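Order of the sequence lines fixes the chain letters, A, B, ..., with proteins taken first and strands second; residue numbering starts at 1 for each chain. Remember, predicted model here, so these are calculated numbers, not experimental data.
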2 protein chains.
Amino acid sequence: MGSICEVLEVPENQKVEVVPKTIFNHGFARIAEELTPILHEWIDRPLSVVEFQPDPEEFFKCKGLPKYTIEQLSSISYGRGDQFILDFGSHRVGYLSFHLSVDGVNIDAPARLRITFGEIPYDVTDNLHPCNTWISTSWLPDEVINVDWLPTDVEMPRRYAFRYVKIEIIDTSQKYKIRFSDIKIRAVSAVSPPTMSGVDILKTSDKELVSIDRISQETLRNCMQTVFEDGPRRDRRLWMGDLRLQALTNYCTFKDYSLVKRCLYMFAALPREDGSIPACVFEKPKLSAASDYIVDYDALFGPTVYEYTVASGDVQTAIELWPTVISSMQMALLHLDKAGKFNPDATKAWKFLDWSKGLDTAAGMHGVVLFCCKEVNKLALLVSKPPPFLDIVEKMTAAAMSFYDPSLGVFVSGPDRQISWISQAWLALAGVADAETCLTAIKAAMANPEAVKPLTPYAYHHVAEGLARCGGQEDCLKLMREYWGGMARAGADTFWEFFDSEDPRSSPI
Amino acid sequence: MGSICEVLEVPENQKVEVVPKTIFNHGFARIAEELTPILHEWIDRPLSVVEFQPDPEEFFKCKGLPKYTIEQLSSISYGRGDQFILDFGSHRVGYLSFHLSVDGVNIDAPARLRITFGEIPYDVTDNLHPCNTWISTSWLPDEVINVDWLPTDVEMPRRYAFRYVKIEIIDTSQKYKIRFSDIKIRAVSAVSPPTMSGVDILKTSDKELVSIDRISQETLRNCMQTVFEDGPRRDRRLWMGDLRLQALTNYCTFKDYSLVKRCLYMFAALPREDGSIPACVFEKPKLSAASDYIVDYDALFGPTVYEYTVASGDVQTAIELWPTVISSMQMALLHLDKAGKFNPDATKAWKFLDWSKGLDTAAGMHGVVLFCCKEVNKLALLVSKPPPFLDIVEKMTAAAMSFYDPSLGVFVSGPDRQISWISQAWLALAGVADAETCLTAIKAAMANPEAVKPLTPYAYHHVAEGLARCGGQEDCLKLMREYWGGMARAGADTFWEFFDSEDPRSSPI
C-alpha cells in the first residue's frame, strides 16, 4: 500500500539519471504476455454510512460510527454542499458504481460530485488538497465528476483501492436533489474468492496470529492483479524486491505460480545493456523498463527464480532464465573489493535495503549479495549447471566477519560503525556465522536504542525471517506481534507501507 | 448562449411550484422520436495558443495575442503548475480530444489536468470557482481529469460550447512532462457545413450587416442539435419562445423543417391536465416536461405551428396539432377581464416577455395574446376550421387602446403606467393600431430614458420586428447595428444571452 503524502526524500542518486539502454527481449515479452491472467471479479457493497467521532483510544484518534444503513441512505436526498462517507468494512480494490435517483420538479443541470477514496480515516476526514509532496499529486485518490441526464447509473472508470468513500455533492440545482442507491464495487484480483477462502495454513487458535495472517492474505490478494503490484493504491508497479516477498507468501497461500512466472519474464524481457535488470517495470500502456535501478533488487532476481523453481517444480523456466540470472549478478559483484567485501561507494548505483534514514548499506548489502550468490549456486544444481559462485561465496563469507564487532556482538557498517537491524538480518540470512552468533547479533541490535530500526514491512520481513532462520522463532513471533500486530491493533485491514506505532500521521499507508 | 454567473433572481412565483400533472401523448412522442436527426459531425482545430494582454480598446479590456502556433505547442513540455489557452478562432459546439505525448525517463503517475471551456476571455482568464449564483454551479464548464497509461489519446466524453480552452496541468510527476498534439474538436450540429455555407440570403455589401448575419447563423447552427437548444453551453433546453424565433430564422436560412416539426410534437406530447403546454421540455434521459410554465410561451405554440405550416407547406402536421393549438390558448385567455383586457394578476402563472427588472407585463402580454389569437385564426383557415378567436380579437383590439396614453403617444402598463420598449413592441406586432401610431409609440419609448429597456436578444427581436413591421425599417436597422452590431464589435462570434455595451462583466453570455 502506498502513502499519499509521504515526506521521504528521493535519494540524490535517483535525481539525475543516465539510464542505460534497455534491450527488449521479444521472446520473453511474448511469454509474459501470454501469461496475463484474466482477473476474477466479484461484487461487494458498503456496510454503512459512517461519521468519524474523536476517540483517544483509537490509533487514528477517531472512530467511524455507523450513521445510516445503506437502505436508509437510499431514501436521503442530497444537494449542494452535502457529503457522506461510506464504509466498505475492509480494504477493496476495484471499480465503484452507483445509481443516482432524483427528487425534484426539474432535473435541469448536471450533478457535480467529488469522490474521494480512503484507506484510512484521514483520507476522508482531512482535505487532500493542497498536498506538499514530491510524489505526484496526480495520485491523490479523488475524482470530480459531472453527471448528465439523471436518473442514471454512474460507473467510475478508474480502479481505486479503498475502504472508505467520501462523496461530496458539489452541486445539483435548486430544482432537484439526488439519492444514492445500488452502491457497489466490482472488486478485482488474480486470486478468486474461493481460492482466498480455501487457504488454511495456520494451525493455531491464537487470535492475534489469525488476524495477522488474514490481513497478510488480504494485502497480498489485493496486490495480485495482472502483476504483483507493490501497492494497488498508487503506482501499482512491479518491483523486484517486493515481488520476491509476495511470491514467497503466494507459495504458502494462493499458489499462483503462473503470475510469478509472468513477472519473472517481464523483468527478463527488459535487461539493460550491461546485463542488469531494472528495479521496476511498467506493464501499461506497454511493457517497458522504469529508469529506477537498485543493486539489491537486481541481485535478488536469481533467488526469486530459485524459489519459484523449488515451489513450482517448473525447471524449464529456470533453464530459460539462467543467462538472465547470471547477468543480473554482475552489477552487485562489481562492488566487491579484492578481499570480497562489499563497498557501496564502488558505484553510484542505488543500494536500497530500506527507507530508514541515514542507513549505511555496506554490511546489509554484503549480506544480500552473499545470500544471492548462495541461492544462485543452489539454482545451478536444479538446471544442471556448475555452481558459478562457489569461490565468491567462500571469499565473501570470510570477508563478512570484518563487519563483526566481537566486543559488541553485532555487525557494524561503514566508517561510523553503524549498528542497524537490517545489517544483522541480511548477514544472518546469508549465513555468515553460526545461527547462535547471528541470532545474538540481531537481538543485540534490537535491544540497542541507538541502532537504526527498519521503516518498511519489507525490511521488517528480513529481520523477522533472520530471527526465525537462526532459531529465534519466539523472537520472530514477538516481533510479528509488535509490528504487524501493532498495525492490526491500529485498525489496518491491509498492511501499510510504513508504520510508526507512536505517530499515526507519519506512518500510513 | 447562457451566462455562467448570472445574478438574476428567480421570480417568486417560480420558487414554489405545484406542477399540474402531465398527460403523456405517446403517439406524438413517437412522431417526435422518429424525427430525431442524425447530427452532422466535422473536425475543427485550434488556431493558436494565445496569451491575454490588457487592452483598454477591447470590450473585455483584454486581447488574446498569439503566443505559439499549434505546431510549436506540440514541441513544448508541460509539468506541474503550467497552463496554456487554446483559441479555436470562433465558437464551436462539440467534443474535444487530443493526444498526450511524454518526455521523461519514467511515466510513473497519471497526468491530472483541469480543462476549462470558454466562450469569452473571462471564462479562461478568471477563476471560475467560487461562483455565487442561483444557477447550478454544475454548469461551470470545467473538468478535472486523470489520465492513466501515457502516451495516449484523450477524448472528453461531454459536449462543450467554446471558443477558448484553458488547459491547466495540475500534475504529472518529477519523472516526466507532457506534450499536447492532434488537438481537435468533433463539432456537431443538425446543420451540415455545406448547408451552412450554401446560405446566401443577404443581398448587401454592408460589412456590418454581413457580420451580424454571419454571427446569427453561427448562433443558430450551434443551437440546432437534436432539438433547438436555447443555448448549447448550459442547460441546452428546448423553450417554446426561443424555438419560435429560432424556427423563423431557420426558415430563412437552413430550412430544416423536420427539426421544427420534431420540437412541435415534443411540446404537443406533454400537455398538462389543464391543456396548457410547458414552457420547456427535456429531451434526455427521456422526453419529459419541465415544471416551468410561462403564459406567453404557452400561447406562442399556435403562432409557431402557423409559421411552420406556411414555411413548410406541411398542412397535415397543423391538422394533427390543431387541438393542441386550441388548448394552448386557454390559460392565456383566462387572464382576460370582461372588457377583454389582459390582467396579469388573474393567475399567479409566470408572464415572462423578458428578463428586464421590474417589467410590468400587462400591456406586453395583452399584445402577445392578441397576436397569438390572430395567428391561430389564420391557421384555422389553413386547416379548414372556423377561426376560433374572431370575437376575442375584436374585443382585445378595442381593449388594447385602454393601454394607450395619447398625450405621451405610448402604451403604458400597470398601475404605475410603466413605459417599456417591449409593451410597444408586442402591441405593435398585435396590430392594435395603425402602423404609424405603433411606430411612433415604439420610437417614443426608445427615446425615453425612463422607459424600461429590453435585456435579452429575445426581447430585442420583438422590438426590432415591431419597428420593421410598422414601416420603421431604417429604425430597425439602426437598432440592429446598435445592439447586435454592438455585440459584433465587442467580439461576439455567437450572440449572447445578455448584452450591456457599458458593462462587459454583467452582459455575457
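Interface remark: of the candidates A:Asp148, A:Thr152, A:Val144, A:Asp148 forms the most heavy-atom pairs closer than 4.5 Å to chain B.
Contact record, B:Ala109 with A:Trp139: CB-NE1, 3.2 Å, taken as the closest heavy-atom pair. Scanning all heavy atoms of the two residues, the minimum distance from A:Ser291 to B:Asn106 falls at N-OD1, 2.6 Å. For the residue pair A:Arg112 and B:Leu140, the shortest heavy atom distance occurs at NH2-O, 2.6 Å.
Between the B:Ser138 side chain and the A:Asp171 main chain, a donor and an acceptor come within less than 3.5 Å of each other.
Looking at A:Ala111, the atoms closer than 4.5 Å to chain B (heavy atoms on both sides) all sit in the backbone: N, CA, C or O. Using a 4.5 Å cut-off between heavy atoms, B:Ile145 does not touch chain A at all. For chain B, no part of A:Ser288 is nearby; none of its heavy atoms comes within less than 4.5 Å. Proximity to chain B (any heavy atom under 4.5 Å) is restricted, for A:Ile107, to the backbone atoms N, CA, C and O.
Once rounded to the nearest 0.5 Å, the distance linking CG of A:Asp108 with CZ of B:Arg237 reads 5.0 Å.
For B:Phe282, there are no ring pair (Phe, Tyr, Trp, His ring centres under 6.0 Å) partners, not counting sequence neighbours.
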